[in-house]
Amino acid sequence: MKKDLINNYTIFMIIIFIIENIILINLKIKGIVYEIFMLILVIFNMIILIKYNSEIKFKILTIIVSLFLFLLSKDFYNAIFMITNILTLLIITIFNAIKKQSLKTIILSILAVIFLFKYFFYIILFIMFVLYNKLTYEEDSDIYYDTYYYCENNYEAYVYSAGAFDSFHYSVGKHYEIFNIDGIINVSYRERNETTKENYEEFIRNNKCTLVGDIDGFK
């Protein structure tokens, strides 16, 4: 069992990443406890990859898949996890190729390194751009608060937009505060369901809703 787990370690990590960032994308976790946990996970993952590098399979496949999954990271810490995963596996693959003196793998590795250095500046800029967006993104940053209502049965309704080049969108969805200790750990579930302006207005009229500004004292 342990041997199978180590052999397929990278596959298991990708599956966990997909569950966390795609299947459970509506589950939001924030706070210092979460940040510390993710940093520990990043370090633990690198240690496992280095310690069992000769036993772990599918390294090249994992690098390729991770390059695409990186863009789907739902927050800064998941993005960091995927980047360190890619870099660690890439270094291990090159090191193993040189150690085994595998001409084919060495050539492919050299070509990969040449490509990375040739476009290094653009790659770094791209990674920094994605990480900056993940770091600065606030869950409610695209919501217009004068349209944001809390409603009965854990529903919320609001208008949102990505900015000047985006049109208005309307959402009526669920929002649960699962667990919250301010600044320490916050676990919530937010389901954004885009709908029409008519359905948005009708929902507010026909349900007990309160403007969020009135609740939080902004108005």
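Heavy atoms only: backbone and side chains are in, while hydrogens, waters and symmetry mates are out. Numbering starts at 1 and runs along the sequence shown.
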Next on the checklist: When you measure from the centre of the six-membered ring of Y176, is the NZ or CZ of R190 closer than 6.0 Å and no more than 45° off the axis?
Outcome noted: no

Next on the checklist: Distance check, rounded to the nearest 0.5 Å: C209 atom SG versus E156 atom CD?
Outcome noted: 10.5 Å

Checklist entry - In terms of ring plane angle, is the pair Y150 and H175 parallel, tilted or perpendicular, where the classes change at 30° and 60°? => result tilted

Item to check | Backbone of N153 reached by a side-chain donor or acceptor of K174 within 3.5 Å | outcome: yes

Next on the checklist: Rounded to the nearest 0.5 Å, what separates atom OG in S66 from atom CD1 in I14?
Outcome noted: 4.5 Å

Checklist entry - Is there any salt bridge (Lys or Arg N to Asp or Glu O under 4.0 Å) pair reaching into residues 7-20, and which pairs are they, with sequence neighbours excluded? => result E20-K74

Checklist entry - Under 3.5 Å, is there a donor-acceptor pair between the E177 and N186 side chains? => result yes

Item to check | Least distance between heavy atoms, A157 atom then V172 atom | outcome: CB-CG2, 4.1 Å

Next on the checklist: For N85, is there any backbone N or O sitting under 3.5 Å from a side-chain donor or acceptor partner on T88?
Outcome noted: no

Item to check | Under 3.5 Å donor-acceptor, S171 side chain and R192 backbone | outcome: no

Checklist entry - With a 4.5 Å heavy-atom cut-off, do M38 and N78 have their side chains touching? => result yes

Checklist entry - How long is the gap from OG1 on T62 to NZ on K57, to the nearest 0.5 Å? => result 12.5 Å

Checklist outcome for this item: Looking only at heavy atoms, the pair that brings F81 and V42 closest together is CA-CG2, 3.7 Å

Checklist entry - With a 3.5 Å cut-off and no angle check, do the side chains of N7 and D4 form a donor-acceptor pair? => result no

Checklist entry - Around F12, counting heavy atoms of other residues, nucleotides and ligands shown, do more than 12 lie under 6.0 Å from its CZ? => result yes

Item to check | is_close_aromatic(F203, Y149), centroid dist under 6.0 Å | outcome: no

Checklist outcome for this item: d(I63 CD1, T93 OG1) to nearest 0.5 Å is 4.0 Å

Checklist entry - How long is the gap from NZ on K197 to OG1 on T147, to the nearest 0.5 Å? => result 11.5 Å

Next on the checklist: Counting C-beta onward and ignoring hydrogens, is there a side-chain heavy-atom pair between I185 and N180 closer than 4.5 Å?
Outcome noted: no

Checklist outcome for this item: Tracing side-chain contacts under 4.5 Å among Ile, Leu, Val, Met, Phe, Trp and Tyr outward from I91 reaches none

Item to check | Pair N53-E55, side-chain donor/acceptor within less than 3.5 Å | outcome: no

Next on the checklist: If only side-chain N and O atoms count, and only distance matters, is there a donor-acceptor pair under 3.5 Å linking N45 with Y9?
Outcome noted: yes

Checklist entry - Hey, what do you get for CG (L87) to CG (L49), rounding to the nearest 0.5 Å? => result 11.5 Å

Checklist outcome for this item: Apart from F68 itself, members of its ILVMFWY cluster (side-chain separation under 4.5 Å) are I60, I64

Checklist entry - Given E194 and Y170, is the side-chain hydrogen bond (donor to acceptor under 3.5 Å, both in side chains) satisfied, shown in steps? => result CA-CA 5 Å; E194 187 168 354; Y170 301 85; over 6 Å; no

Checklist entry - Any donor-acceptor pair under 3.5 Å linking the side chain of S188 with the backbone of F179? => result no

Checklist entry - Would you say D75's side chain and Y77's backbone share a donor-acceptor pair under 3.5 angstrom? => result yes

Item to check | Short side-chain donor-acceptor distance under 3.5 Å, Y200 and E198 | outcome: no

Item to check | Nearest non-hydrogen partners of H169 and S161, listed with the distance | outcome: CD2-CA, 4.4 Å

Item to check | K28 side chain to I25 backbone, donor-acceptor under 3.5 Å | outcome: yes

Checklist entry - Under a 4.5 Å cut-off applied to non-hydrogen side-chain atoms, are I86 and L67 in contact? => result yes

